Amino acid sequence: MSESADSSAPSPAEPSDFIRDLVAADVAAGRYSRIHTRFPPEPNGYLHIGHAKSICLNFGIARQFGGICNLRMDDTNPAKEDIEYVDSITADVKWLIEGWADHCLGLKPSGATPAPNTVEGKSDFLMPAVSGSESSTGKLEPLFASDYFEALYGYALELIRKGVAYVCDLSAEDTDAYRGSPDRPGRNSPYRERSVAENVDRFQRMRAGEFPDGACTLRAKIDMASPNIWLRDPLIYRIRHAEHHHTGAKWCLYPLYDFAHCLSDYLEGITHSICTLEFEVHRPLYDWFLNQLDLARPRPHQYEFARLNVSYTVMSKRKLLALVSEGRVTGWDDPRMPTISGLRRRGVPARALRNFAQRLGVTKYNGVTEVSVLEHAIREELNTSALRRLAVLRPLKVILTNVAPGESYTLAATNNPEDPSAGTRPIALSRELWIEHDDFAEVPPPKYFRLKPGGEVRLKYACIIQCREVIKDATGHVTELRCTADLDTRTGGPNSGKKVKGTIHWVSAVDAVEAEVRLYDRLFTEAEPEKDGRDFRSVLNPKSLEVVTAKVERSLADPTPGMRFQFERIGYFWPDPQDSRPGRPVFTRTITLKDTWAKVAGGG
RNA sequence: UGGCCGAUGGUGUAAAGGUAGCACAGGGGUCUUUGGAGCCCUUAGUCAUGGUUCGAAUCCAUGUCGGCCAGCCA
């Protein structure tokens with residue numbers, strides 16, 4: 001709710017890393033008129049926290065150097081992509097950068113495609129982006145690699161005419177066989193020396209739909225003996241008679257990543273094309289295509305950094321899809337998922353994610369970041385802004401025997417000790433109340449500061465009570481406590497300074513409202529779910545979700561959507577954006593409070 | 001056994017030939033009407049071996065370990 005409202009808070013200093021250093025050097029050398037990055041997901045799944053790192057890097061650089069970061073759908077494979085993903089990706093990116101880098105978001109007018117033009121006597125195509133700050137009245141949409149198919153087709157023809165690309169009729173199996181292996185050179189395709197005229201003709205017929213799927217491909221003529229497999233005459237186009245989510249039935253041949261990506265970058269005027277480490281071996285190919293073509297404008301360059309891994313979760317789209325499709329979570333936005341939509345649904349503020357990403361650093365070392373770093377960033381953000389409220393998750397009834405039925409005392413509860421301007425709210429203390437079952441121990445362990453038979457404890461914002469009697473049911477289960485209240489120890493009372501070891505939270509029974517509370521925990525029981533090749537399904541945390549019916553204070557009966565709360569001594573919560581209803585609140589736990597007692601007690 | 005890339009406390013990262021620092025985690029303390037937060041203190045590190053140098057985490061060599069690459073996926 002208040003995510004952009006707090007943009008006045010000091011933003012941390014711009015981080016420094018080897019990529020930013022390279023960009024800064026390019027700026028200092030005057031190599032580009034404007035820095036232009038891009039975030040190019042394939043719309044075949046939801047974005048996850050690993051993408052968040054990339055988004056923060058790419059938009060962070062655009063922001064820092066006064067440039068733009070294009071949001072581009074890298075949609076060259078019609079078989080895997082879907083409009084559902086285009087929409088979710090767009091929403092996730094906008095949410096993550098809102099109030100921080102919206103002015104750097106590069107989009108384009110709906111339906112726009114690259115315009116042919118001439119630069120310094122050379123024919124060229126350019127797909128200019130419209131940033132959030134360059135406001136336009138028209139409707140904007142992300143950029144799509146599929147909007148460049150016509151331009152890409154032209155570049156492919158140029159390669160053919162140069163004699164560095166050819167149509168190959170080898171089957172998929174034979175293409176594999178001819179490629180060789182990492183330690184064994186490949187062999188030239190028998191179609192490698194076709195004439196330019198024949199290649200042009202065949203490529204045009206490929207486009208015209210004369211060949212079935214797989215009948216032939218367009219390949220770059222590079223070096224079948226290269227130690228880098230990606231330089232062994234890589235495929236440029238394959239035939240796919242398939243409907244594309246963005247171009248419909250217009251095309252039956254589709255470009256492959258290596259060819260499409262570098263040229264998409266070029267068409268958009270990208271200066272720094274930042275991707276993850278697994279593309280490092282593709283960089284010579286990225287450069288090869290751009291260098292073969294007679295390009296009019298400065299060409300982009302690719303840089304690689306290590307993708308993010310986080311402990312106690314999995315990150316690949318394939319595995320996340322499996323969790324969803326196998327029903328192990330409720331959907332892509334299940335609060336236990338490491339997806340951006342899952343984290344959002346859990347109540348994690350975008351700013352916490354950005355701060356997390358910033359602390360990660362950018363290197364070429366593939367490691368695993370401990371989830372505690374993320375958790376810390378979330379608590380840090382929520383601690384300053386969340387309103388404190390009293391809620392009892394596992395209620396135990398307490399009767400204050402010296403308070404008469406109907407008698408009531410109004411007390412002032414602090415809304416946020418980190419922010420005095422948040423003020424106080426009145427809460428009522430009366431004869432019957434609820435406390436946390438865990439806050440009473442009939443046989444207390446050593447150093448137990450909470451309520452025990454005969455013991456004293458302070459009720460937060462109220463007074464000290466003493467346990468006089470323990471009532472149990474037939475099975476010996478504690479069902480009720482009879483206590484006396486020392487009203488002189490109330491805030492402002494004559495004995496308010498009296499010290500007791502423990503302070504517990506509580507809710508007055510007459511004022512309590514019932515609420516469903518969803519207690520989410522980490523999805524896996526192992527820090528590295530896939531360690532030693534084991535199936536991540538075998539280490540799913542069976543207790544990753546527990547639902548309880550809590551007693552919450554009346555002010556929580558109809559929570560404002562988007563509002564963050566700290567249930568004192570428990571954790572951070574917010575009304576579930578899907579399921580919470582006025583008068584029937586449903587709270588989702590974003591994260592627990594750090595609890596040093598739980599650690600001492602061995603988790604409890 | 002081919003190529004490319006990497007290696008700094010438990011984890012993630014700084015140090016661009018000159019005092020190995022920061023964050024998270026861990027430990028201790030202080031404060032506290034949240035066993036929260038804050039504040040203070042603290043444990044713990046340059047993969048190995050040579051070389052260059054007055055001086056090496058940094059440069060060079062060799063080795064070790066790890067990641068990536070043989071999709072008509074991206």
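Per chain, numbering begins at 1; letters A, B, ... match sequence-line order. Computed from a predicted model, the values in this text were never measured in an experiment.
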For this session: With C1' as the reference atom in both, quote the distance from B/C60 to B/U52 in angstrom, rounded to an integer.
Result: 7 Å
Seminar exercise, completed: Scoring nucleotides 10-21 of chain B by protein non-hydrogen atoms under 4.0 Å (B base, S sugar-phosphate only, - none) yields BSSSS-------
Look at all strands and tell whether [X] reaches a base, only sugar-phosphate, or nothing, counting heavy atoms closer than 4.0 Å.
{"X": "A/F259", "answer": "nothing"}
{"X": "A/R458", "answer": "base"}
{"X": "A/P417", "answer": "base"}
{"X": "A/D176", "answer": "sugar-phosphate"}

Using the test side chain to side chain donor-acceptor pair (under 3.5 Å), find all partners of [X] that sit at least two apart in sequence or belong to another chain.
{"X": "A/S181", "answer": "A/D183"}
{"X": "A/N228", "answer": "none"}
{"X": "A/Y409", "answer": "A/E407"}
{"X": "A/E278", "answer": "A/T276, A/R307"}

Problem set entry | Rounded interatomic separation in angstrom, taking CZ from A/R318 and C1' from B/A74 | 15 Å
Taking salt bridge (charged side-chain N to carboxylate O under 4.0 Å, His left out) as the cut-off, I'd like each qualifying pair that reaches into [range], sequence neighbours left out, listed once.
{"range": "residues 223-239 of chain A", "result": "A/R192-A/D233"}
{"range": "residues 37-50 of chain A", "result": "A/R38-A/D265"}
{"range": "residues 363-377 of chain A", "result": "A/E280-A/K364, A/E304-A/K364, A/E375-A/R522"}
{"range": "residues 410-426 of chain A", "result": "A/R425-A/E553"}

For this session: Take A/R194 and A/D169, measure what salt bridge (charged side-chain N to carboxylate O under 4.0 Å, His left out) needs, and give me the verdict at the end.
Result: CA-CA 11 Å; A/R194 290 221 256 228; A/D169 297 353; 2.6 Å; yes
Exercise. Dot-bracket for RNA chain B, 5' to 3', with Watson-Crick and G-U pairs under 3.5 Å, [ ] for crossing pairs and | for other-strand pairs: what is it?
Worked result: .((((((..((((....[..)))).(((((.......)))))....(((((..]....))))))))))).....
For this session: Using a cut-off of strictly less than 4.0 Å between a heavy atom of the residue and any atom of RNA chain B, enumerate the qualifying residues of residues 226-236 of chain A by number.
Result: A/P227, A/I229, A/W230, A/L235
Which protein N or O atoms sit under 3.5 Å from an N or O of nucleotides 37-45 of chain B?
from  : atom 1 : to     : atom 2 : distance (Å)
B/A37 : O2'    : A/N383 : ND2    : 2.6

